[in-house]
Enquirer: 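Before we start, here is the structure in question, set down as structure tokens.
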Amino acid sequence: MLESPLSARLEGSHRIPVAGAGGGFDVYAGLPLALALRERGKEAYLANLSFSHLDGLGLDAWLAEDVAAIGPDTPSRDWYFPERALARWLHSRRLPATVYAFPRVGVRPLKAAYERLTAHLGIDAIILADGGTDILMRGDEAGLGTPVEDMASLAAVRGLDVPVKAVVCLGFGVDAYHGVNHAQVLEYLAALERDGGYLGAFSLSRATAPGELYLDAVAHARGEMPSHPSIVNGSIAAAVRGEFGDVRFTDRTKGSELFVNPLMSLYFAVDLDALAARSLYLDRIEDTVLARQIASIIEDYRDEITPRPPRVFPH
């Protein structure tokens with residue numbers, strides 16, 4: 001009971017990228033896990049589907065086509081650059097300070113980019129990290145959250161020839177703002193358990209080194225981009241600190257009511273292939289080249305169906 005099914009699955013793996021699935025600050029949701037893997041002697045790397053304008057980077061920043069290697073001193077004209085903020089924090093902590101970044105593209109070029117990174121690092125496992133839980137949505141729910149980037153990452157990594165592939169979600173409840181019904185999230189975790197694809201849950205605690213470092217990294221990112229702090233990671237960090245309810249940490253949440261609570265500090269882990277197999281539209285996006293094509297396909301799919309009504313928690 002003291003070891004999660006995810007840790008058992010990764011026991012024989014040694015070179016493991018933890019990649020933000022949904023873009024933006026999602027890589028921060030994977031940071032504590034990467035740090036914990038390094039504590040166990042694994043070579044853990046950090047990557048992210050980027051919302052930054054990577055097309056403005058110099059040629060020396062590109063490891064390969066659609067794979068940028070971001071360091072603490074990577075020059076950019078884009079003020080919004082979570083990958084560089086994280087690289088700077090890693091450098092300040094004397095940790096390996098490269099964060100790999102993928103442009104916001106469709107599934108075909110993203111899969112090719114992952115294949116190039118896989119070959120470069122010689123990886124034997126990969127973990128997608130989602131800030132929130134909307135990556136678990138199969139497509140017919142009352143609300144899907146912000147699915148475009150999550151589904152691009154899920155479809156791209158599903159096609160990789162890697163022995164171990166998993167998805168972790170941190171921040172249960174934060175997607176309510178984008179219409180996710182969390183009773184349905186729990187329903188699908190139960191379904192994945194029946195399928196053999198649920199890899200357990202474990203808590204991010206500030207009493208551990210990864211938890212303490214995560215809090216410091218989130219605070220550092222807020223200092224790097226004070227006008228646009230991460231609401232998702234700010235909420236998770238508040239939960240890890242033991243705060244509760246309508247916690248205010250940025251003006252970006254003005255006019256909405258937050259419900260910070262201990263469930264936000266839980267990682268939920270699932271087998272990536274099992275999750276992908278439950279999607280109702282993932283096959284439709286496999287040949288996309290642009291992110292906007294994914295958005296159009298999802299919109300068309302939603303027009304074809306009657307979404308399932310939301311469920312309420314009974315207590």
Side-chain angles (χ1 to χ4, degrees), residues 19-30 47-51 82 102-111 113-114 127-159 165-189 191-192 197 230-233 235 268-311:
F25 287 94
D26 263 13
V27 64
Y28 280 80
N48 201 40
L49 183 62
S50 182
F51 285 172
F102 309 112
R104 189 173 178 265
V105 292
V107 172
R108 281 173 54 191
L110 185 58
K111 177 186 174 185
Y114 266 108
I127 300 171
L128 288 182
D130 183 28
T133 54
D134 55 348
I135 196 172
L136 301 178
M137 300 291 94
R138 67 179 190 175
D140 64 347
E141 297 82 7
L144 300 185
T146 54
V148 173
E149 293 77 23
D150 286 332
M151 293 302 105
S153 296
L154 183 62
V157 174
R158 176 175 66 166
K165 293 176 283 186
V167 173
V168 295
C169 301
L170 180 65
F172 181 88
V174 298
D175 301 309
Y177 177 79
H178 290 116
V180 171
N181 177 251
H182 286 81
Q184 291 179 330
V185 171
L186 296 176
E187 178 185 358
Y188 295 146
L189 288 172
L192 285 164
S230 170
I231 295 173
V232 169
N233 286 282
S235 299
F268 293 93
V270 302
D271 178 83
L272 187 144
D273 288 333
L275 176 62
R278 290 191 58 81
S279 173
L280 299 175
Y281 63 84
L282 205 65
D283 291 343
R284 301 188 184 196
I285 69 172
E286 286 186 339
D287 289 329
T288 56
V289 176
L290 304 173
R292 64 174 178 264
Q293 290 176 297
I294 300 175
S296 295
I297 290 170
I298 295 174
E299 184 177 347
D300 289 344
Y301 169 75
R302 296 284 285 181
D303 286 341
E304 296 172 10
I305 67 167
T306 300
R308 300 172 62 210
R311 300 180 62 179

Enquirer: Just wondering, are more than 12 heavy atoms of other shown residues or ligands nearer than 6.0 Å to CZ in Arg311?
Expert: no
Enquirer: If I take atom CG from residue Leu290 and atom CZ from residue Arg108, how far apart are they, to the nearest 0.5 angstrom?
Expert: 10.5 Å
Enquirer: Might you point out which heavy atoms bring Leu128 and Ala21 nearest each other, and give the distance in Å?
Expert: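 Leu128 and Ala21 have their closest heavy atoms at CB-CB, 4.2 Å.
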Enquirer: After noting the C-alpha distance and the side-chain angles of Leu189 and Leu136, does the key distance pass the side-chain contact (heavy atoms from CB on, under 4.5 Å) rule?
Expert: CA-CA 8 Å; Leu189 288 172; Leu136 301 178; 3.8 Å; yes
Enquirer: Which residues pass the side-chain contact (heavy atoms from CB on, under 4.5 Å) test with Val105, not counting sequence neighbours?
Expert: Pro103, Pro109, Leu110
Enquirer: Which value, rounded to the nearest 0.5 Å, describes the distance between Leu280 atom CG and Met137 atom CE?
Expert: 11.5 Å
Enquirer: When rounded to the nearest 0.5 angstrom, what is the spacing between CD1 in Ile294 and CZ in Arg284?
Expert: 14.0 Å
Enquirer: Is there side-chain contact between Ser235 and Tyr177, with at least one heavy-atom pair below 4.5 Å?
Expert: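 No - every pair of side-chain heavy atoms lies 4.5 Å or more apart.
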Enquirer: Would you call Asp140 and Tyr301 a side-chain contact if the rule is heavy atoms closer than 4.5 Å?
Expert: yes
Enquirer: Mind checking what makes side chain to side chain donor-acceptor pair (under 3.5 Å) contact with Asp271, not counting sequence neighbours?
Expert: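 Asp271: side chain to side chain donor-acceptor pair (under 3.5 Å) contacts with Arg9.
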Enquirer: Which pair of heavy atoms, one from Asp134 and one from Leu144, lies closest together, and at what distance?
Expert: CB-O, 3.5 Å
Enquirer: Is the side chain of Arg292 donor-acceptor paired with the backbone N or O of Gly106 at a distance under 3.5 Å, no angle test?
Expert: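 Judged by distance alone, no pair lies under 3.5 Å.
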Enquirer: Evaluate the side-chain proximity of Leu154 to Leu272: yes if any heavy-atom separation is below 4.5 Å, no if none is.
Expert: yes
Enquirer: Report the distance from atom CG of Leu170 to atom CG of Asn233, rounding to the nearest 0.5 Å.
Expert: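 Here the interatomic distance stands at 7.5 Å.
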Enquirer: So, Glu141 side chain and Gly139 main chain: donor-acceptor pair closer than 3.5 Å or not?
Expert: yes
Enquirer: Are any of the side-chain heavy atoms of Ile135 and Met151 separated by less than 4.5 Å?
Expert: yes
Enquirer: Less than 4.0 angstrom from a charged side-chain N to a carboxylate O is my criterion; do Arg158 and Glu286 meet it?
Expert: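 Looking at Glu286 together with Arg158, the answer is yes, because their closest N to O distance falls below 4.0 Å.
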Enquirer: Can you tell me how far the CG atom of Leu282 sits from the CD1 atom of Ile298, to the nearest 0.5 Å?
Expert: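 Interatomic distance, Leu282 CG to Ile298 CD1, rounded to 0.5 Å: 9.0 Å.
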Enquirer: Run the side-chain donor-acceptor check on residues 22-30: report pairs under 3.5 Å with partners two or more places apart or on a different chain.
Expert:
{"unit_1": "Asp26", "atom_1": "OD1", "unit_2": "Gly131", "atom_2": "N", "d": "3.1"}
{"unit_1": "Asp26", "atom_1": "OD2", "unit_2": "Gly22", "atom_2": "N", "d": "2.7"}
{"unit_1": "Tyr28", "atom_1": "OH", "unit_2": "Leu86", "atom_2": "N", "d": "3.2"}

Enquirer: Could you pull out the closest heavy-atom pair between Ala142 and Pro307, with the gap in Å?
Expert: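 That would be CA-CB, 4.4 Å.
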Enquirer: To the nearest 0.5 Å, what is the distance between CZ on Arg138 and CD on Glu187?
Expert: 7.0 Å
Enquirer: Taking the side chain as C-beta and beyond, is there a heavy-atom pair between Asp287 and Gln293 under 4.5 Å?
Expert: no
Enquirer: Locate the shortest heavy-atom distance separating Ile285 from Thr288; write the atom from each residue and the value.
Expert: O-OG1, 2.7 Å
Enquirer: Is there side-chain contact between His182 and Thr133, with at least one heavy-atom pair below 4.5 Å?
Expert: yes
